[in-house]
Amino acid sequence: MRRELALHTDKYQINMMYAHWVNGTHKRKAVFEAYFRRLPFGNGFAVFAGLERIAQYIAELRFTEEDIRYLSEQEEDYAPAFLEELLQFHFQGSLHSMKEGALVFPDEPLIRVEGTIMEAQLVETAILNFMNYQTLIATKASRIKQVAPNDTLLEFGTRRAQEADAAVWGARAAYVGGFHATSNMLAGKKFGIPTKGTHAHSWVQSFPSEQEAFDAYARVMPDNVTLLVDTFDTLRSGVPNAINTAKKLEAQGKRMNGIRLDSGDLAYLSRQARQMLDEAGLQYVKIVASNDLDENTIMDLKAQGAAIDTWGVGTQLITAADQPSLGGVYKLVEIEAPNGEMIPTIKISSNPEKVSTPGKKEVYRIIGQKGKALADYISFAGEEAPRNGVRLKLFNPLHPYMKKHVERYEALRMLEPIVVNGFQVYTLPDLAEIRRYHQEQLDLFWPEYLRKLNPEVFRVNLSEPLWTRKQQLIAEHMITDME
Ligand SMILES: Nc1ncnc2c1ncn2[C@@H]1O[C@H](COP(=O)(O)OP(=O)(O)OP(=O)(O)O)[C@@H](O)[C@H]1O
Ligand SMILES: O=P(O)(O)OC[C@H]1O[C@H](OP(=O)(O)OP(=O)(O)O)[C@H](O)[C@@H]1O
Ligand SMILES: O=C(O)c1cccnc1
């Protein structure tokens, strides 16, 4: 996969790079920002993920001779001198980003790219591709985690994922969002995620009887036995046979880990199975459930008193089935004028939600005296950072008369420098650190913002200079339209 991603971009990026090159504008400095406009799944927040892959992509971004040959075949118009220049290309710009595991909200920059228009344009497609998918899956995982905070969550999605990259990076995103392990061994090896596995129906079917299948499995894997009990009849054969096997293991001084339910009424079957296991003195045997689960079915099953300790979640998580894409966008916010000055730019739309916010920006998370987040605050990067003791006006950008002031607070700067002038300055944290940070982030929010259904809207505010500039630019463009 490595070094093959330079062409992982839309053709229009290369077309624009070329057109800028011919125009002599390709070295103009530009600032782009990536953000989304709507939260997925009706959630109150999203969990940012994708940075590790983005950093890797930026560091390795080179066109090979083969890529160049392919480009020349695809488009006769691309001049040989342009293609020659692409051969020397590497990213020399800067990239700031939210940290993986951060809670993020609509309309705030999650990634900021500064560089020549040519390089900043090229990376749009891949950055959005990685950010959108991984953030979506981490958010879905976090919703599932929310309904089963004390249970074990296993990511089982690979076979139903949208191909290999989605399975592997999705497993990682699920782990960022709070899952405990994955069934995908490649993801385990690549990222150090714990791996877990039971066995399939085929194991049972390949033996003359279920009992023989269970016993044979327990013989070869005595320290890791979780038996799938629903191949024939869960309560009449699967659970009794599993109990027999567990007793044989006990005779060798071993303890069976669990049984897995994969069909039928999981609430009823788990309660019955729990009772049978307990009556056999096997209180320590855990119950794992799987079968097209998501946060809604899990919540429902818990409400029905299901006796399930571990949830195996595949399809619904890895494909984010109820909302299979995050609509993150990448917008030009500042461009160098011929005199070298950086000019904030805006994208106007008849839909007010889609009007971009001009200028290179910073995002601050404003933490109140109770240690909880009050709002996010976006300012021009050039503005003085908000700091404790300096009165801060927080107002709703769509309804500016709705305002309040805060004076005692902490302002956390959210965008980290990752790459500066082509050099990676950020040490990518390991997954344990990312999960710690994610938990820390969750702890910063009142539960009202975190609940799964109809959460309170967490406010993202603009600084006054930023808001004023945005209004000016909107007005200027409106006048131009009318002329
Ligand atoms: N008690 C329950 N309450 C709510 N949903 C449940 C309950 N038990 C199971 N489910 C969910 O209902 C769905 C049932 O799936 P399905 O109709 O395929 O039945 P099944 O028993 O799995 O049959 P099959 O043997 O064909 O897999 C799954 O998503 C499962 O997680
Ligand atoms: O339901 P999901 O959330 O997607 O979780 C993954 C599913 O994959 C397996 O089923 P499959 O029928 O593919 O194989 P099996 O024969 O092992 O049950 C497993 O038994 C789960 O039901
Ligand atoms: O280990 C399991 O039980 C498993 C793994 C992948 C998919 N379904 C089940």
Side-chain angles (χ1 to χ4, degrees), residues 137 140-141 143-145 147-148 151-164 166-168 170-171 173-175 177 179-188 193-207 210 213-214 217-218 220-221 223-239 242 256-275 285-322 324:
I137 303 305
K140 183 75 177 167
R143 282 172 68 75
I144 296 169
K145 170 86 177 172
V147 300
D151 301 344
T152 302
L153 295 170
L154 309 179
E155 186 282 309
F156 276 178
T158 298
R159 62 192 59 203
R160 310 268 147 65
Q162 326 295 22
E163 264 276 8
V168 170
Y175 192 61
F179 269 57
H180 297 95
T182 177
S183 62
N184 187 301
M185 297 300 279
L186 180 57
I193 306 172
T195 56
K196 287 259 187 278
T198 71
H199 67 75
H201 296 107
S202 58
W203 173 261
V204 177
Q205 291 168 262
S206 68
F207 282 80
E210 190 179 52
F214 287 177
Y217 195 79
V220 293
M221 305 272 288
D223 298 307
N224 181 18
V225 185
T226 297
L227 300 172
L228 176 58
V229 293
D230 75 333
T231 307
F232 304 120
D233 187 319
T234 300
L235 298 181
R236 278 192 280 206
S237 96
V239 176
M256 187 164 100
N257 281 354
I259 60 165
R260 176 160 74 97
L261 305 171
D262 189 45
S263 59
D265 184 323
L266 296 173
Y268 171 75
L269 292 174
S270 64
R271 282 197 308 266
Q272 295 296 312
R274 181 75 274 155
Q275 196 180 339
V285 172
K286 302 274 190 234
I287 300 184
V288 184
S290 51
N291 190 14
D292 216 23
L293 296 167
D294 67 2
E295 65 274 35
N296 301 315
T297 40
I298 294 175
M299 196 170 87
D300 230 59
L301 285 163
K302 289 179 86 71
Q304 294 167 51
I308 294 166
D309 310 283
T310 300
W311 306 89
V313 186
T315 314
Q316 297 293 323
L317 166 63
I318 209 73
T319 66
D322 49 336

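If you're wondering where the values come from, they're calculated on a predicted model, not measured in any experiment. Both counts, for ligands and for their atoms, begin at 1 and track the order of listing. As a basis for the values below, the full set of heavy atoms in this structure was taken, side chains included, without hydrogen atoms, waters or symmetry mates.
- Counting only residues at least two apart or in different chains, salt bridge (charged side-chain N to carboxylate O under 4.0 Å, His left out) contacts with residues 297-306 comprise Asp151-Lys302.
- Using a 4.0 Å cut-off between heavy atoms, Arg260 contacts ligand 2 through its side chain alone, with no backbone atom that close.
- Counting only heavy atoms of the protein, atom 18 (O) of ligand 2 lies nearest to His201 ND1, 2.9 Å.
- In terms of protein heavy-atom proximity, atom 25 (O) of ligand 1 is nearest to Ser263 CB, 3.6 Å.
- Looking from atom 28 (C) of ligand 1 to the surrounding protein, the closest heavy atom is Asn291 O, 3.4 Å.
- Nearest protein heavy-atom neighbour of atom 3 (O) of ligand 2: Gly314 N, 2.8 Å.
- Atom 4 (O) of ligand 2 has Thr315 OG1, 2.4 Å as its closest protein atom, hydrogens excluded (heavy atom only).
- No donor-acceptor contact under 3.5 angstrom links the side chains of Arg160 and Thr319, judged on distance only.
- Looking only at protein heavy atoms, the nearest one to atom 13 (O) of ligand 2 is Arg160 NH2, 2.5 Å.
- With ligand atoms numbered from 1 in the order given, ligand 1 contributes 1 (N), 2 (C), 8 (N) to contacts under 4.0 Å with heavy atoms of Asp265.
- Nearest protein heavy-atom contact of atom 2 (C) of ligand 1 is Leu301 CD2, 3.4 Å.
- Those atoms of ligand 2 that come under 4.0 Å of a heavy atom in Asp262, given as number and element, are 18 (O), 19 (C), 20 (O), 21 (C), 22 (O).
- The shortest contact between atom 14 (O) of ligand 2 and any protein heavy atom is with Arg159 NH1, 3.2 Å.
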